[in-house]
Protein chains: 2
Amino acid sequence: MSDRDIDTCDLQCIHEETVNKVRKALLSEETIMDLQNLYKVLGDGTRLSIMNALSLAEMCVCDVAAALGMSQSAVSHQLRVLKAARLVKYRREGKQVYYSLDDDHITQLLAVGLEHVRHQ
Amino acid sequence: MSDRDIDTCDLQCIHEETVNKVRKALLSEETIMDLQNLYKVLGDGTRLSIMNALSLAEMCVCDVAAALGMSQSAVSHQLRVLKAARLVKYRREGKQVYYSLDDDHITQLLAVGLEHVRHQ
DNA sequence: TGAACATATGAACAATCGTTCATATGTAAT
DNA sequence: ATTACATATGAACGATTGTTCATATGTTCA
């Protein structure tokens, strides 16, 4: 009963076995959405620049703004997005809030992308 | 002469040494743009689903459409984007065009993302 | 408590993006 | 050549997103 027909589409030329096999093995919609959100967050030049900067040193918000030539507001907004995606962590010290990459795993995430980009 | 002042921003609270050190070590704008484009392409549920499907089997366009319940047009449009980003490759056989992931490197790119997502 | 300052956030506007619909291209048979 | 069909592409519309501007929050020091 778990094997329903393909009801969403009536195209021809289908390799039914392959299609059915693949359908059963697909990642859950939720996982896809999580992945989508992760890569979407990384898919912005500003945020990548921030990540790049933070991979070089822990920095407070206005350091990041100065290093990248951006407004404080824009940086803060984007750090919020990065924080929500668990890509950066922060630490308060007096009036400043210091940001850094969440863990080494994140560095790897960037490294794999860099490898692909440079592999041209 | 390579060490210009910070002219784009006049914020206070700057750790000048850190900022200057980081500025010098930042990736080039071009590299950032390439990375942005890569992750932006991956930052879409439809394209991730297609990648997911192709990681399970080589498939022709209408197989992908059937497996994911999408229109042929939408799939074709997205495959074009994936192709441009060198994430998938294709092979013509008669009227069909078979797509698959470009190489093992791409599989790794997805795997690292998956790891992060599941690491919650 | 009040001033100074680092950071965060809300609203809004411009730009970007993914889909659909219609149609074009290209391949294989008759 | 003409028909059938798999795939590709162009235009356009609606939705999403990143920035700016204005302002709020929260911390330190006098």
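The structure presented is a predicted model; accordingly, all values stated were derived computationally and were not measured. Letters go in sequence order (proteins before strands), and every chain restarts at 1.
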Item checked: Minimum-distance nucleotide to B/Val61 side chain [options: C/dG18, D/dA6, D/dA8] -> D/dA8
Checklist line | Atom-to-atom span, NE2 of A/His15 to C1' of D/dC5 - whole angstrom | finding: 14 Å
Notebook entry, point to check: Could you give the CD-to-P distance, from B/Gln96 to C/dA29, as a whole number of Å?
Noted result: 11 Å
Note to self: Nearest 0.5 Å, please: how far is CE in A/Met33 from CG in A/Leu38?
What the structure shows: 13.5 Å
Checklist line | Separation of atom CD1 in B/Ile50 from atom C1' in C/dT19, rounded to whole Å | finding: 12 Å
Margin query: Give the residues of residues 37-47 of chain B touching DNA chain C, defined as any heavy atom closer than 4.0 Å, sorted by residue number.
Written below: B/Lys40, B/Asp44, B/Thr46, B/Arg47
Check: Are A/Val19 and A/Glu16 close enough that some pair of their side-chain heavy atoms sits under 4.5 Å apart?
Finding: no
Check: What's the CG-P distance between A/Asp63 and C/dC5, to the nearest Å?
Finding: 17 Å
Notebook entry, point to check: Reckon A/Tyr99 touches a base, only the sugar-phosphate, or nothing at all at heavy-atom distances under 4.0 Å?
Noted result: sugar-phosphate
Checklist line | Nucleotide C/dA6, atom P - distance to CE of A/Met59 in whole Å | finding: 15 Å
Check: Of the non-hydrogen atoms in A/Ser71 and A/Ala74, which two are nearest, and what is the gap between them?
Finding: OG-N, 3.0 Å
Next item on the list: List for me each residue that meets side-chain contact (heavy atoms from CB on, under 4.5 Å) alongside B/Asn52, sequence neighbours excluded, and say none if there are none.
Entry: A/Leu26, A/Leu27, A/Ile32, B/Ser55, B/Leu56
Check: Can you check the A/Met70 CE to C/dA6 P distance for me, whole Å?
Finding: 18 Å
Margin query: Within a 6.0 Å radius of atom CD on A/Glu17, are there more than 12 heavy atoms belonging to other residues, nucleotides or ligands?
Written below: yes
Checklist line | Test side-chain contact (heavy atoms from CB on, under 4.5 Å) applied to B/Lys21 - qualifying residues, sequence neighbours left out | finding: A/Ala57
Check: How large an angle, rounded to 10°, do the end axes of the helix from C/dT1-D/dA30 to C/dT30-D/dA1 enclose when each is built from five base pairs?
Finding: 30°
Checklist line | Counterpart residues, side-chain contact (heavy atoms from CB on, under 4.5 Å), relative to B/Gln78 (two or more places apart) | finding: B/Asp44, B/Thr46, B/Arg47, B/Ile50, B/Val81
Item checked: By ring pair (Phe, Tyr, Trp, His ring centres under 6.0 Å) - contacts of A/His15 (at least two apart) -> B/Tyr98
Item checked: Inter-residue atom distance A/Met59.CE - A/Leu68.CG, 0.5 Å rounding -> 7.0 Å
Check: Quick one: B/Ile32 CD1 to D/dG18 P, roughly how many Å, whole number?
Finding: 15 Å
Notebook entry, point to check: Which pairs pass ring-ring contact (aromatic ring centres under 6.0 Å, His included) with one or both residues in residues 54-95 of chain B, sequence neighbours excluded?
Noted result: B/Tyr90-B/Tyr99
Donor-acceptor list for residues 104-118 of chain A side chains, cut-off 3.5 Å, not counting sequence neighbours:
from	atom 1	to	atom 2	distance (Å)
A/His105	NE2	B/Glu115	OE2	3.2
A/Glu115	OE2	B/His105	NE2	3.2
A/His116	NE2	B/Arg86	O	3.4

Next item on the list: Under the side-chain contact (heavy atoms from CB on, under 4.5 Å) rule, collect the residues that match up with A/Ala85, sequence neighbours excluded.
Entry: A/Val41, A/Leu87
Please list each protein N or O that sits under 3.5 Å from an N or O in nucleotides 21-25 of chain C, with the distance.
from	atom 1	to	atom 2	distance (Å)
C/dC21	N4	B/Ser73	OG	2.8

Next item on the list: Tell me which residues in residues 80-95 of chain B put a heavy atom below 4.0 Å from DNA chain C, sorted by number, or none.
Entry: B/Arg92, B/Gly94, B/Lys95
Item checked: Nearest-0.5 Å distance, CG of residue B/Leu101 to NZ of residue B/Lys89 -> 8.0 Å
Next item on the list: Figure out the CD/P separation between B/Gln78 and D/dT7, and round it to whole Å.
Entry: 16 Å
Checklist line | All salt bridge (charged side-chain N to carboxylate O under 4.0 Å, His left out) counterparts of A/Arg91, not counting sequence neighbours | finding: A/Glu58, A/Glu93
